[in-house]
Amino acid sequence: MKRDERGSAVVEFSWLAILLMVPLIYVMLGVFDVQRASYGATAATRAAGRAFIIVPDGLSEDEARARAFEAARLAMKDQGMELSSDQLTITCNPACLQPGSTVTVTLDTSVRLPLIPEALGGEPPAIRISSSHTEPYGDYREAKGDG
């Protein structure tokens, strides 16, 4: 006795497509989120470094740091991400806003994997993103800030 298998290829293809496409779409969503965060972190460190260096005359180092954080916050916001002050580090070598010095801006953040509920408990899985940018102050510029 022969079984009629007409139409079963469509059903098998449909189930196979669903089983393969769902993980593929999930991986793509995760990669897109990580890429967005990576681009935002790179743009944020660059913007913060430049904002720190081009501080106007009469502003202190603390005000330069505030301007740098605001520039970084806006760059991250452009990518749909929030930035907290503990994620951004600004260091100067040998001193801030002095001729011949450099400023290094480092940003450390993490991106949670998409579609994982918090009901599972524990620390949600995330991918760590780090970016660093060094900007020279210039040898022939006037010293600014507290030095």
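Throughout, residue positions are numbered sequentially from 1 according to the sequence presented. What you see below is based on every heavy atom in this structure, not just the backbone, and it leaves out hydrogens, waters and symmetry mates.
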query = How many angstroms lie between atom CG of L83 and atom CD of E70, to the nearest 0.5 angstrom?
reply = 9.5 Å

task = Verify whether one side chain among T106 and T89 offers a donor that lies under 3.5 Å from an acceptor in the other.
result = no

query = Within the side chain of S38, is there an N or O that forms a donor-acceptor pair under 3.5 Å with the backbone of V34?
reply = no

task = Please identify each residue that fulfils side-chain contact (heavy atoms from CB on, under 4.5 Å) with S84, with sequence neighbours left out.
result = D86, Q87

request  = Taking the side chain as every heavy atom from C-beta outward, state whether T104 and S132 have any atom pair closer than 4.5 Å.
outcome  = yes

key: Remaining members of the apolar cluster that contains Y140, side-chain heavy atoms under 4.5 Å   = none

query = Within a strict 4.5 Å, meaning less than it, do heavy atoms of the I116 and P125 side chains meet?
reply = yes

key: ILVMFWY network linking V31 to Y39, side-chain heavy atoms under 4.5 angstrom   = no

message = Side-chain heavy atoms under 4.5 Å apart, restricted to Ile/Leu/Val/Met/Phe/Trp/Tyr: what other residues fall into the cluster of L20, or is it alone?
response = L16

task = Kindly compute the distance separating CZ (R141) from CD1 (I54), expressed to the nearest 0.5 Å.
result = 8.5 Å

ask   = Do H133 and E135 come close enough that some side-chain heavy atom pair is under 4.5 Å?
value = yes

request  = Kindly give the cluster partners of F32, where membership spreads through any ILVMFWY side chain lying under 4.5 Å from a current member.
outcome  = M21, L24, M28

request  = For residues D139 and P99, determine if any side-chain heavy atom of one lies less than 4.5 Å from a side-chain heavy atom of the other.
outcome  = no

ask   = Looking at G49 and V103, what are the two nearest heavy atoms and their distance?
value = O-CG1, 4.2 Å

key: Side-chain heavy atoms of V105 within contact of F52, under 4.5 Å   = no

query = So, do Y137 and L97 sit near enough that their side-chain heavy atoms are less than 4.5 Å apart?
reply = yes

ask   = Do S101 and C92 have side chains that get closer than 4.5 Å, going by heavy atoms?
value = no

request  = Could you tell me which non-hydrogen atom of A68 sits nearest to which non-hydrogen atom of L88, and how far apart they are?
outcome  = O-CD2, 4.4 Å

query = Salt bridge or not for R67 and E63, using N-O below 4.0 Å?
reply = no

key: Any donor-acceptor N or O pair under 3.5 Å, side chains T134, T102   = no

ask   = Please, which pairs that meet salt bridge (charged side-chain N to carboxylate O under 4.0 Å, His left out) have at least one residue in residues 25-53, sequence neighbours excluded?
value = D33-R36

ask   = Can you list every salt bridge (charged side-chain N to carboxylate O under 4.0 Å, His left out) pair that touches residues 96-113, not counting sequence neighbours?
value = D108-R128, R112-E118

